[in-house]
Amino acid sequence: MKIASWNVNSLKVRLDHVLQWLDTAQPDVLALQETKMTDDVFPLEAIRQAGYQVVFSGQKTYNGVAILAKSQPEDVITDIPDLDDPQRRILAATVDDVRIIDLYVVNGSAPGTEKFAYKLDWLNKVTAFIEQQKTEYEDVVVLGDFNIAPDDRDVHDPVKWHEKILCTTEERQALNRILDLGFQDSFRYLHDEDGFFSWWDYRMNGFARGLGLRIDLILSTDEMSEAITASYIDVEPRKWERPSDHTPVVTEFDW
DNA sequence: ATGGTGGGGAACCCA
């Protein structure tokens, strides 16, 4: 089972990239973030014609998540307990008996801001939801744009980013609380080197200069993690014309 | 300390 995640930064602009990538990568599951569109204009037909079923939760202008899969995603959840939130950042569905939880984690702006407090509160509530889902479903994959670089290996310049947004101790502790529920960072399960990134700022020519962070993650339960056969970041789409600022991350399981 | 670029949508918000 091949599972992928990609923050597309507008599915309207990036639809051709997604279709192109699906055609060659052929994942069983692709979780998208930042579709930035309402459900009534979601490009259902184009995705179906590519051989994928899809469920989605979108809104105007911001956020928006979708799960594309070769099998029909079922038992869809878009809202979680104690989080009465118009922002469409959460989508859970079952694909081939694996519970897929697609997250577009709050960016958080900067430590000390209201948005940062919202990020930590949001992560707390999502962590409780993941804990609940883990009791209901045996096999769980939590993936998406976490907007957290797990540790300094995931940062091109850890000194410059020290305690900056995406790299603060509080955010990393929040991620660790999810991992402590019994998940592995599937990329780290196979690779311990630094210098692998999934996002580069559009500004200051960040991609060409290697100014990246690894903030797009695929977490798998400890048991599923033993079946990981490959985990990697596909940087190719970041080189395409008019790219997303994120590139797809992929994990393959013998599952 | 600031601002750079890109998407959305039509003046700024968000990242």
Side-chain angles (χ1 to χ4, degrees), chain A residues 5-21 30-43 46-47 56-66 83 85-91 102-123 126 143-150 154-168 170-172 174-175 197-217 233 235-249:
Chain A
S5 175
W6 194 2
N7 178 325
V8 291
N9 186 22
S10 167
L11 184 55
K12 185 181 171 189
V13 172
R14 235 66 69 187
L15 178 60
D16 287 348
H17 283 201
V18 170
L19 296 174
Q20 175 69 42
W21 191 77
L30 172 60
L32 302 180
Q33 304 87 37
E34 284 207 272
T35 56
K36 294 187 173 178
M37 56 171 54
T38 50
D39 293 348
D40 57 310
V41 296
F42 194 92
I47 287 168
F56 41 86
S57 176
Q59 67 181 94
K60 193 174 158 71
T61 311
Y62 301 122
N63 308 311
V65 281
L83 189 68
D85 194 344
Q87 299 191 29
R88 303 291 85 194
R89 298 177 174 276
I90 299 168
L91 184 60
D102 179 15
L103 303 178
Y104 174 46
V105 174
V106 175
N107 175 284
S109 185
T113 63
E114 250 179 57
K115 286 178 186 172
F116 188 74
Y118 168 56
K119 180 177 196 172
L120 296 178
D121 180 60
W122 189 94
L123 282 164
V126 167
L143 77 175
D145 176 0
F146 279 72
N147 270 317
I148 302 170
D154 305 309
V155 182
H156 70 93
D157 185 345
V159 173
K160 185 181 165 195
W161 282 84
H162 180 70
E163 294 299 335
K164 296 284 196 303
I165 193 63
L166 317 181
C167 299
T168 67
E170 280 175 293
E171 293 164 280
R172 288 172 171 176
L175 173 61
F197 309 129
S198 65
W199 168 82
W200 300 259
D201 202 311
Y202 285 124
R203 294 166 288 190
M204 306 199 317
N205 207 10
F207 181 63
R209 298 166 60 199
L211 311 180
L213 302 182
R214 191 176 68 91
I215 56 177
D216 299 273
L217 310 176
I233 300 170
V235 296
E236 286 306 312
R238 191 63 176 77
K239 305 172 183 171
W240 295 348
E241 190 180 350
R242 210 177 173 193
S244 169
D245 46 351
H246 297 251
T247 207
V249 298

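Since the structure is predicted, the reported quantities are computational estimates derived from the model, not experimental observations. Letters go in sequence order (proteins before strands), and every chain restarts at 1. For the numbers below, each heavy atom of this structure counts, side chains included, while hydrogens, waters and symmetry mates do not.
Between A/F56 and A/F42, the two ring planes are parallel [angle under 30°; tilted spans 30° to 60°].
Taking a 6.0 Å sphere around CG of A/D16, one finds it holds 12 or fewer heavy atoms contributed by other residues, nucleotides or ligands.
At the heavy-atom level, A/R89 lies under 4.0 Å from the strands shown only through sugar-phosphate atoms. Counting non-hydrogen atoms under 4.0 angstrom, A/Y104 reaches the backbone sugars and phosphates but no base.
Nearest-nucleotide mapping onto DNA chain B: of A/K12 and A/D145, the residue sitting toward the 5' end is A/K12. With the nearest nucleotide of DNA chain B identified for both A/T35 and A/G108, A/T35 has the one nearer the 5' end.
For the C1' atoms, the distance from B/dA10 to B/dG6 is 16 Å, rounded to whole Å. For the C1' atom pair drawn from B/dG4 and B/dC14, the interatomic distance equals 15 Å after rounding to whole Å. As rounded to the nearest Å, B/dA15 and B/dG9 have P atoms that lie 15 Å from one another. When the P atom is compared between B/dA1 and B/dA11, the two are found 33 Å apart, to the nearest whole Å.
Taking 4.0 Å as the cutoff to heavy atoms of chain A, we find the contact window on DNA chain B bounded by B/dG3 to B/dA15.
The distance from the CG atom of A/L166 to the CD1 atom of A/I148 is 8.5 Å, given to the nearest 0.5 Å.
No donor-acceptor pair under 3.5 Å is formed between the side chain of A/W200 and the backbone N or O of A/G210. A donor-acceptor pair under 3.5 Å is absent between the side-chain atoms of A/R89 and the main chain of A/G64, judged by distance alone.
In the model, A/K36 has a side-chain atom that pairs as donor or acceptor with a side-chain atom of A/N9 under 3.5 Å.
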